[in-house]
Asker: 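This is the structure I have questions about; it appears just below.
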Amino acid sequence: MRKIVIALTVLTALTSCVSKKQYAALEAKNKETQDLLNSCTVKLNTCLEEKAGLAATAESYKAHNQDLINSSKDLTVLTTKGAENLEKSLESLKEKDLKISRLQDALTKKDSVTLALVTSLKGAVGINDPDIEINVEKGVVFISIADKLLFKSGSYEVSDKAKSVLAKVAKVVNDKPDFECMVEGHTDDVPYKSNGIILDNWDLSVKRSTSIVRVLTNDLGVNPAKLIAAGRSSYVPLVANDSPENKARNRRTRIVVMPKIDQFYDMIEKEMKKQAK
């Protein structure tokens, strides 16, 4: 009991040492400090949240940046491959253009040879003869000779007059070792009456062709390996068989002078090799 009395006495003494005004000031200061602490705590928490958000954003940017780097690498690879493919395509196009150019050069040379051949033929055979036609189609020379210059009606025996004409053709052909000739017999559409040897227009056209081939080889010295005998009967007419004049035009022998296929390809190959040097 005595201790309690002493404690109360001390407390009263201490209380009496701080005035109410000072106590109120301390109270206010304490409240201000507490408010400041609470405000700082709120700001701290806000900063921590913002930091966490910024860290997440930074990680997102970092990942995105890495994706961009990877994409850039892939794009670089794709661009490199694209450039390589483009370069290969351009090289291929250049090679094709070169081949086309070489082929055109070879064709030009072939056309020049053909033109020279036509000039020789026209000069040798006679361009003004209405019964002899010389023309060029697709690089091939055609010499068409009316049958009245070569045969009697219904016959396949070559006339003496025809041999002088064929001699001129033979000379030009012999001067062109890289060319060969196809001799085509043609008739009109009047059916041939069989005589036991010649059965029809097919037979007549072929027999006339082989007769001319024999004259060219046996009498005029043309190499047989350069000749081809063919009969077309009445199935490739120049004009309609509707008049005596037109029928006469369709009765003809056509000599086709053309470069040998293997020689033509050799010509192209040589030209390409020359251009490649």
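Note that the numbering runs from 1 along the sequence shown for the chain.
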Asker: For I197 and N195, which heavy atoms make the closest approach, and how far apart are they?
Answerer: N-OD1, 2.9 Å
Asker: Got a sec, which residues hit side chain to side chain contact (heavy atoms under 4.5 Å, CB included) with R232, two or more places apart in sequence or on another chain?
Answerer: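 So R232 forms a side chain to side chain contact (heavy atoms under 4.5 Å, CB included) with E184, H186, V236.
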Asker: Between K226 (side chain) and V173 (backbone), is there a donor-acceptor pair under 3.5 Å?
Answerer: yes
Asker: Does S209 reach the main-chain N or O of S205 with its side chain, forming a donor-acceptor pair under 3.5 Å?
Answerer: no
Asker: Working to the nearest 0.5 angstrom, can you tell me the gap between S233 OG and N201 CG?
Answerer: 4.5 Å
Asker: State the NZ-NZ distance between K148 and K161, to the nearest 0.5 angstrom.
Answerer: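 Answer for the NZ-NZ pair, K148 versus K161, is 8.0 Å.
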Asker: Under 4.5 Å between any side-chain heavy atoms of V256 and V183, yes or no?
Answerer: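 Side-chain contact under 4.5 Å: no.
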Asker: Using 0.5 Å steps for rounding, measure from the CG atom of L149 to the CG atom of L166.
Answerer: 9.5 Å
Asker: Got more than 12 heavy atoms from elsewhere within 6.0 Å of NZ, K247?
Answerer: yes
Asker: Rounded at 0.5 Å granularity, tell me how far CG in D147 sits from OH in Y156.
Answerer: 15.0 Å
Asker: Under a single-linkage definition using a 4.5 Å side-chain heavy-atom cutoff for Ile, Leu, Val, Met, Phe, Trp and Tyr, are L204 and I212 assigned to the same hydrophobic cluster?
Answerer: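 Looking at the clustering, I212 is in a separate group from L204.
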Asker: Is there a donor-acceptor pair under 3.5 Å between the side chain of S159 and the backbone N or O of L150?
Answerer: yes
Asker: Can you name the side chain to side chain contact (heavy atoms under 4.5 Å, CB included) partners of D203, sequence neighbours left out?
Answerer: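 For D203, the residues satisfying side chain to side chain contact (heavy atoms under 4.5 Å, CB included) (neighbours in sequence not counted) are I198, L199, D200.
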Asker: Going by the ring pair (Phe, Tyr, Trp, His ring centres under 6.0 Å) test, which pairs reach into residues 234-256, not counting sequence neighbours?
Answerer: W202-Y235
Asker: Should F151 and E157 count as side-chain neighbours, where that means a heavy-atom distance under 4.5 Å?
Answerer: no
Asker: Whether R249 and D188 form a salt bridge (side-chain N of Lys/Arg under 4.0 Å from carboxylate O of Asp/Glu) is what I want to check.
Answerer: no
Asker: For N218, give me all partners under side chain to side chain donor-acceptor pair (under 3.5 Å), at least two apart in sequence or on another chain.
Answerer: none
Asker: Among all residues two or more places apart in sequence or in another chain, which pass the side chain to side chain contact (heavy atoms under 4.5 Å, CB included) test with S144?
Answerer: E133, R252
Asker: Who are the side chain to side chain contact (heavy atoms under 4.5 Å, CB included) partners of V206, not counting sequence neighbours?
Answerer: T210
Asker: With a 4.5 Å heavy-atom cut-off, do Y192 and T187 have their side chains touching?
Answerer: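 No, every pair of side-chain atoms sits at 4.5 Å or beyond.
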Asker: Can you measure from CG (N241) to OG (S234) and round to the nearest 0.5 angstrom?
Answerer: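 Going from CG on N241 over to OG on S234, the span is 7.0 Å.
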Asker: Using 0.5 Å steps for rounding, measure from the CG atom of D189 to the CG atom of N250.
Answerer: 8.0 Å
Asker: Is it true that a side-chain atom of N174 and a backbone atom of A170 form a donor plus acceptor pair closer than 3.5 Å?
Answerer: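 Answer holds: yes.
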